[in-house]
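Below is one structure; the comments refer to it alone.
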Number of protein chains: 2
Amino acid sequence: MDKRPTSRDVARAAGVSQSTVSIVLAGKAEGRVKPETRQAVHEAARRLGYRPNLAARNLRLGRTRTVLLVVPTLTGPVFGPIYAGAAEVAAARGFGLIVHPWPDDAGPARSQVDTQAIEGVLASSIVGGVTDFGDLPVVLMDSDPAAPAPTINFDVAGGMRAIAGHLAALGHRRIGHLAAAVDAWTFRVRGEALADAFPGALVRRTTAIDVAAARQAALDLLDRPDRPSALVCDDDVIAAGAYKAARALGLDIPGDLSVTGFDDVLLATALEPELTTVRLPAEQLGAAAMTALLEVLDDHRPSGVSLPGELIARRSTAPPAGS
Amino acid sequence: MDKRPTSRDVARAAGVSQSTVSIVLAGKAEGRVKPETRQAVHEAARRLGYRPNLAARNLRLGRTRTVLLVVPTLTGPVFGPIYAGAAEVAAARGFGLIVHPWPDDAGPARSQVDTQAIEGVLASSIVGGVTDFGDLPVVLMDSDPAAPAPTINFDVAGGMRAIAGHLAALGHRRIGHLAAAVDAWTFRVRGEALADAFPGALVRRTTAIDVAAARQAALDLLDRPDRPSALVCDDDVIAAGAYKAARALGLDIPGDLSVTGFDDVLLATALEPELTTVRLPAEQLGAAAMTALLEVLDDHRPSGVSLPGELIARRSTAPPAGS
DNA sequence: AGGCTTCCGTCATACGTATCACCGATCGGT
DNA sequence: ACCGATCGGTGATACGTATGACGGAAGCCT
């Protein structure tokens with residue numbers, strides 16, 4: 001690991017001063033440096049394989065042009081597209097984007113945040129309320145809009161209304177709602193959106209977002225004389241649990257029971273029958289959030305955004321048995 | 001965004017010199033600074049909310065103590081645990097860990113790599129062969145051991161042998177192998193491990209790792225008079241495709257056909273019946289890889305490692321029909 | 001008492017970059 | 001021919017930190 005060349009080495013090689021190298025490579029040479037000199041600098045830099053030292057640049061400028069994307073865990077189907085959307089917007093503005101998983105304890109990321117290595121934070125699905133990033137600008141994604149920071153959200157309510165409309169159009173009158181065990185805000189919003197179309201929905205909240213817990217909750221909703229003809233699940237994973245419960249009770253999907261999910265993850269098409277669900281524009285979410293954060297960094301105040309999802313009707317929904 | 005305090009501000013507040021602050025906060029004050037002075041420095045730093053400037057430190061030290069974890073995409077079930085394992089080892093040695101998705105084009109990450117903001121790279125499942133990280137130390141995970149860098153791998157061959165043994169013990173004699181469309185090395189290793197127990201296995205390679213492609217390939221293997229009694233799939237997602245094919249042909253799992261997966265992702269327990277598969281020690285993989293990388297940074301040469309997986313027998317495998 | 005340690009800290013400096021303040025030379029205008 | 005402006009660069013400096021060289025004061029030994 002030999003030392004990498006500095007701008008001074010480039011300067012020597014090109015026969016100019018270090019200042020000139022800096023100016024030329026920053027693209028600020030317009031009208032201040034002769035074209036042939038510019039050429040010589042570029043040539044020397046290329047020949048030596050010069051790369052600016054980021055630490056020195058950051059120190060000098062007092063800024064890093066880097067944003068941190070905080071996700072609760074790397075393993076989640078939406079984070080890839082969110083990253084892609086955010087990274088594209090960031091790159092277009094000359095910003096870098098770093099990803100950092102932020103588990104509950106909130107420990108590891110502190111070093112990055114505390115040391116001013118970043119200028120802002122994009123936080124996704126932070127339900128635990130760990131939103132203390134010092135005084136750094138923050139934009140929240142998929143979080144309670146009542147939070148003291150701009151929020152960019154999926155239009156969850158709209159998605160639920162789309163599902164409700166779909167089921168109502170098929171003729172369903174009595175439904176069950178398998179709610180995910182997340183924050184109170186999401187729970188309320190989803191419930192209210194559903195209540196508009198189905199005032200008397202049966203509701204069960206799972207103890208966790210996993211198949212086994214969802215199966216148990218679904219059994220509770222289905223194993224009764226007045227069971228609903230459709231089950232609205234807050235999440236595709238929860239829908240998988242509902243499938244298991246239906247099979248255990250000998251109920252056919254969609255013959256005896258319609259089931260809907262949310263998110264349209266891989267699972268949705270792996271299940272049999274394939275799941276009717278709502279696809280969320282994760283990439284747009286990332287892009288919108290990054291745009292908002294850059295606004296904040298420019299001292300503007302961004303407006304909250306809510307991005308509509310798209311109903312994907314598959315084979316897990318059908319008219320109820322009696323119709 | 002007011003200016004953050006520097007070590008000089010702390011020094012002024014504590015009535016000492018900046019050097020002393022640096023020494024004390026670095027923990028190198030043993031025997032060189034009076035305990036009460038140390039106390040005063042810590043107190044002042046705490047009161048002012050001092051955080052060292054990472055850029056300045058990196059510039060001064062010429063190193064960043066930061067490692068980059070490169071993943072092909074954020075969305076993948078193993079990357080969370082891999083990160084967790086690597087991060088823990090890194091933290092114990094005072095290193096930071098940054099995650100960077102590295103899509104095929106290899107563009108965005110270059111800035112991080114080129115500017116010496118990192119000291120080494122941990123690359124996971126880089127099948128595309130994009131292993132050009134300049135002259136930075138690299139450790140590869142889940143990659144061809146023939147690569148010109150240390151590799152830390154799952155013991156894929158061992159996992160396949162475990163599956164083969166499981167099926168052989170159940171009495172299966174004729175099996176099919178649904179191979180994933182990945183690199184040639186993986187394809188060969190898996191095939192060979194299987195061939196030891198089942199010399200005449202039927203093999204189909206899917207065109208992509210997705211449910212629809214796997215379903216098609218599985219149909220090809222199953223829709224024949226001499227169809228195998230068990231289907232070994234290189235991946236849980238592929239197994240989901242096999243489930244669909246079996247259902248389309250009216251075959252019961254595991255009555256008419258046993259199916260196995262690989263990876264033990266969420267999908268494995270969401271399917272019905274639950275999938276027999278191999279669980280991989282992703283967290284250990286991350287830890288082992290980070291350990292190896294730190295060895296390289298210390299100018300040692302780490303030995304390649306191969307981590308065994310664990311057979312998880314569930315309901316998708318049973319003795320063949322005729323036995 | 002004088003010299004040698006040990007203790008407790010300070011001074012000065014360098015890391016590599018970007019930028020502000022200059023400055024010599026050339027050139028156009030009158 | 002002289003002045004001001006424009007061109008094409010250079011010199012010096014500061015960002016905040018870590019550290020090697022240095023040094024005053026006090027204690028110990030002979």
Side-chain angles (χ1 to χ4, degrees), chain A residues 1-42 44-45 48-66 94 111 114-117 119, chain B residues 1-42 44-45 48-66 94 111 114-117 119:
Chain A
M1 208 147 69
D2 41 345
K3 292 182 95 63
R4 288 170 94 90
T6 74
S7 62
R8 224 172 300 261
D9 296 327
V10 175
R12 227 183 329 261
V16 298
S17 75
Q18 181 266 331
S19 331
T20 305
V21 172
S22 180
I23 291 168
V24 169
L25 295 184
K28 299 183 176 173
E30 206 59 46
R32 328 205 94 264
V33 179
K34 220 180 341 184
E36 57 198 77
T37 309
R38 263 185 261 180
Q39 198 53 40
V41 169
H42 280 120
L48 297 181
Y50 169 73
R51 304 289 169 205
N53 182 307
L54 196 56
R57 169 178 290 170
N58 289 344
L59 175 58
R60 167 71 225 228
L61 293 179
R63 58 179 311 186
T64 58
R65 298 187 81 81
T66 297
S111 59
D114 288 345
T115 48
Q116 318 134 60
E119 294 188 36
Chain B
M1 210 149 65
D2 41 347
K3 291 181 98 58
R4 288 168 96 90
T6 74
S7 60
R8 225 173 299 264
D9 296 327
V10 175
R12 231 184 324 265
V16 297
S17 75
Q18 181 265 330
S19 336
T20 305
V21 171
S22 180
I23 291 167
V24 169
L25 296 183
K28 299 184 177 173
E30 207 58 44
R32 328 205 93 266
V33 179
K34 212 173 0 178
E36 58 197 78
T37 308
R38 263 185 261 181
Q39 197 54 40
V41 169
H42 280 121
L48 298 180
Y50 169 73
R51 303 289 168 207
N53 182 309
L54 197 55
R57 168 177 291 169
N58 289 345
L59 175 58
R60 169 69 226 230
L61 295 180
R63 56 180 312 187
T64 58
R65 299 189 79 83
T66 298
S111 58
D114 287 345
T115 49
Q116 320 133 58
E119 295 187 34

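None of these values were measured; they are calculated from a predicted model. Labels below follow one simple rule: chain letters A, B, ... track the order of the sequence lines, proteins then strands, and each chain is numbered from 1.
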field: Which residue lies more 5' along DNA chain C, comparing Val33(B) with Ala56(A) via nearest heavy atoms
entry: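 The residue mapped nearer the 5' terminus is Val33(B).
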message: Does a side-chain N or O of Ser17(A) approach OP1 or OP2 of dT10(D) to a distance below 4.0 Å, or not?
response: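 So the side chain of Ser17(A) is within the cut-off, an N or O lying under 4.0 Å from OP1 or OP2 of dT10(D).
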How many whole angstroms separate atom [atom1] of [X] from atom [atom2] of [N]?
{"X": "Asn58(B)", "N": "dA14(C)", "atom1": "CG", "atom2": "C1'", "answer": "15 Å"}
{"X": "Leu54(A)", "N": "dC15(C)", "atom1": "CG", "atom2": "P", "answer": "18 Å"}
{"X": "Arg12(A)", "N": "dG16(C)", "atom1": "CZ", "atom2": "C1'", "answer": "13 Å"}
{"X": "Arg38(A)", "N": "dC7(D)", "atom1": "CZ", "atom2": "P", "answer": "12 Å"}
{"X": "Lys34(B)", "N": "dC7(C)", "atom1": "NZ", "atom2": "P", "answer": "13 Å"}
{"X": "Leu59(B)", "N": "dA18(C)", "atom1": "CG", "atom2": "P", "answer": "12 Å"}
{"X": "Glu30(B)", "N": "dC8(C)", "atom1": "CD", "atom2": "P", "answer": "11 Å"}
{"X": "Leu25(A)", "N": "dG16(C)", "atom1": "CG", "atom2": "C1'", "answer": "13 Å"}

side-chain contact (heavy atoms from CB on, under 4.5 Å) partner of Val16(A), chosen from Val21(A), Ile23(A), Val24(A):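 Exactly one option meets the side-chain contact (heavy atoms from CB on, under 4.5 Å) with Val16(A), and it is Val21(A).
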query: Along nucleotides 19-27 of chain D, 5' to 3', which nucleotides get a B, which get an S, and which get a -, given that the test is a protein heavy-atom distance under 4.0 Å?
result: B--------
query: Is there side-chain contact between Asn53(A) and Thr6(A), with at least one heavy-atom pair below 4.5 Å?
result: no
query: Do the side chains of Arg32(B) and Arg38(B) get nearer than 4.5 Å, heavy atoms only?
result: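 Arg38(B) vs Arg32(B): side chains apart.
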task: Please check if any side-chain donor atom of Ser19(A) sits under 3.5 Å from a side-chain acceptor atom of Ser22(A), or the reverse.
output: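 Result is no, nothing qualifies.
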message: Quick check against the 3.5 Å criterion: does Arg65(B) have a side-chain atom that pairs as donor or acceptor with the backbone of Gly94(B)?
response: yes
query: Under the 3.5 angstrom rule, does the side chain of Thr64(A) hit a backbone N or O of Ala117(A) as a donor-acceptor pair?
result: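 Judged by distance alone, yes, a pair lies under 3.5 Å.
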Closest approach of Ala40(B) to Ala14(B) (non-hydrogen atoms, all atoms of both residues):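 Closest approach of Ala40(B) to Ala14(B): O-CB, 3.9 Å.
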- request: Using the closest heavy atom to pick a nucleotide of DNA chain D for each, name whichever of Arg8(A) or Gly15(A) lands nearer the 5' end.
  value: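 Its nearest nucleotide lies further toward 5', so the answer is Gly15(A).
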